[in-house]
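Below is one structure, written out as structure tokens; the observations come after it.
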Protein chains: 2
Amino acid sequence: MKYSINHKSPIPLHVQAEELLRKLISEEEYQNGKVLPNEVELAKMLAISRSTLRQAINKLVFEGLLIRKKRSGTKVNNSTISSKSNNWLSFSQEMQLRGIAIKNFELHVTWVYPDEQLANFFEIKPDRKILKMERVRGQADGPFVYFISYFHPRIGLTGDEDFKRPLYELLEQDYFTIASLSKEEISAMTADKLIAEKLNIDVAAPVLFRKRFVFDQGERPIEYNLGYYKAESFVYTVESRR
Amino acid sequence: MKYSINHKSPIPLHVQAEELLRKLISEEEYQNGKVLPNEVELAKMLAISRSTLRQAINKLVFEGLLIRKKRSGTKVNNSTISSKSNNWLSFSQEMQLRGIAIKNFELHVTWVYPDEQLANFFEIKPDRKILKMERVRGQADGPFVYFISYFHPRIGLTGDEDFKRPLYELLEQDYFTIASLSKEEISAMTADKLIAEKLNIDVAAPVLFRKRFVFDQGERPIEYNLGYYKAESFVYTVESRR
DNA sequence: AATGCTTATTTGTCCATACATAATAAATTA
DNA sequence: TAATTTATTATGTATGGACAAATAAGCATT
């Protein structure tokens, strides 16, 4: 076993086990489709009880990262890159969770004047400059998403922040701005020249377009985000119950 | 206690407990904001062990229906669920709400053998025929969505029903099948020949693809639905709060 | 070759118990 | 009165054990 669990650590064993499994999955050990050792075995290997191990596995099963099947075992399922509507994680955190290594292809920060729609959404005057961030991200084999984000000046971002940190963490910890409501619109469209270039696809190829309006606790606008996802490499998932 | 748990039932106790809690929450007993009795108490009231009860509570916490807090207890948080309820309208109802008049272009019902994936999802043998419904709908100026639906034979649909009625109403009233959980996957793709024909668009034009798995109250599969939406004429919206 | 039966393996369910930890309330002290 | 300490009470963590249920795979039968 490459990693092990520290029984003296203050971090709960089941949390350690969960993280350990995530590591094993994202690294070479247990790729997509592989089955984990059986629970009794694995518990012995990690030197924790089966109940504790199940606690860890349960979380990953809930997330859909693992699939249990009686008699055949528990297998890894991180094939499709997906985004759950309900969890409030940043892109990188989410990908990390799914065991996918993210590569940053471009990161660009500028100050621009808002267009009418944007000025409207932010409720600011059109002569007030706002921070625009563009980034292209993907996996080792190429980019699969092109993001454009605009941030409300109220937040106080300077543009010199370390944008390699998870964004919502940065906003929360350094700027006391908590994103707590998001409205999204998802549609399909064709790639124009710019998008095709950024995503390294043909012009007129299909793209999943995700528009996102983010608000803080007082329902004040804080971010306007556009995401262009390469088709077939991104699936948006929603679960709803009545 | 209004309801109780049947220890002789083949239904696992934690599942019964989960359903019981759901009932109590949805009815007047424990409305939004109220705290449940503490775990030790509640376990005693339901005559199950605390671990088993926790199993039930965990699921609801994961869903966001309950929020745990040390020392203060576990409280109900079903404020956000209601906002999602509009996801649970039928297509025609939803369009009506937006003031869009819907025209039906095609409606087709056949019996087919399931492919492997479908047989798997429905948990049936591949030689069991299932009901397949295809329909093309849109506005006066042309079609904008091509649906393919498969229904589980358990429901008892004959294929002679009046499918112009709202579907979920039909299932509920005539077949006592209540759709209560849906998992959706949304992605972008290009139109193949069939889809292009149905939607009256060019081959390779972009399409929003929405795959939908629908389950009843016992989380048994009841419908598998594929929807191909003409790009630019359909936007999927999601609102989420944390 | 197809069918049915048996067995072994793996997850699923359930319990009782013990102690840890965090947050609040109550009591104590400055 | 205000600050500090202590106790209380809820969830959180962790274990070990027992048996149930499902099913893949091998075996036997037709």
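These figures come from a predicted structure and were not determined experimentally. Here is the naming used below: chain letters follow the sequence lines, and residue numbers restart at 1 for every chain.
- Between the side chain of B:E39 and the backbone N or O of B:R54, no donor-acceptor pair lies under 3.5 Å.
- Of the possible polar contacts, one joining the B:E161 side chain to the B:G159 backbone as a donor-acceptor pair under 3.5 Å is found.
- The CZ-C1' distance, from B:R54 to C:dC15, rounds to 15 Å in whole Å.
- Atom CD of B:E18 and atom P of C:dT13 are 11 Å apart (whole Å).
- Stacking of B:K23 on the aromatic ring of B:Y3 is recorded, both the 6.0 Å distance cut-off and the 45° axial limit being met.
- Regarding A:L36, its CG atom lies at a distance of 9 Å from the P atom of C:dT11, rounded to whole Å.
- As a whole-Å value, the separation of A:Q55 CD from C:dC14 C1' is 15 Å.
- Side chain of B:H7 to main chain of B:A47: a donor-acceptor pair is present (N/O by atom type, distance under 3.5 Å, no hydrogens or angles).
- Between B:L53 atom CG and C:dT13 atom C1' the separation is 15 Å, expressed in whole Å.
- Counting only distance, with no hydrogens or angles, the side chain of B:R135 and the backbone of B:F163 share a donor-acceptor pair below 3.5 Å.
- The two residues A:I130 and A:F151 have their closest heavy-atom pair at CB-O, 3.9 Å.
- In this structure, B:M133 and B:V109 approach most closely via the heavy-atom pair CG-CG2, 4.2 Å.
- B:K132 NZ: more than 12 foreign heavy atoms inside a 6.0 Å radius.
- Summarising the geometry, the separation between CD on A:E41 and C1' on C:dT9 is reported as 12 Å, rounded to the nearest angstrom.
- In 5' to 3' order, the nucleotides of DNA chain D bounding all contacts with chain A (an atom under 4.0 Å from a heavy atom) are D:dT13 to D:dA24.
- With rounding to whole Å, A:R68 atom CZ is found 8 Å from C:dG12 atom C1'.
- A 4.5 Å side-chain heavy-atom check between A:I57 and A:R68 finds at least one atom pair inside the cut-off.
- Of all heavy-atom pairs between A:Y175 and A:I155, the closest is CD2-O, 3.4 Å.
- Atom pair A:N38:CG and C:dT11:P shows a separation of 5 Å (rounding to whole Å applied).
- With DNA chain D read from its 5' end, the first of the two nearest nucleotides for A:I11 and B:T74 is the one closest to B:T74.
- Taking side-chain N and O atoms only, B:S51 has no distance below 4.0 Å to OP1 or OP2 of C:dC14.
- The terminal axes of the helix from C:dA1-D:dT30 to C:dA30-D:dT1, fitted over 5 pairs per end, subtend an angle of 10° to the nearest 10°.
- Side-chain contact check for B:E223 and B:Y168: at least one donor-acceptor pair (N or O, by modelled atom type) lies under 3.5 Å.
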Just the table, please: protein N/O against nucleotides 19-23 of chain C N/O, every pair under 3.5 Å.
residue	atom	partner	partner atom	Å
C:dA22	O4'	B:K70	NZ	3.4

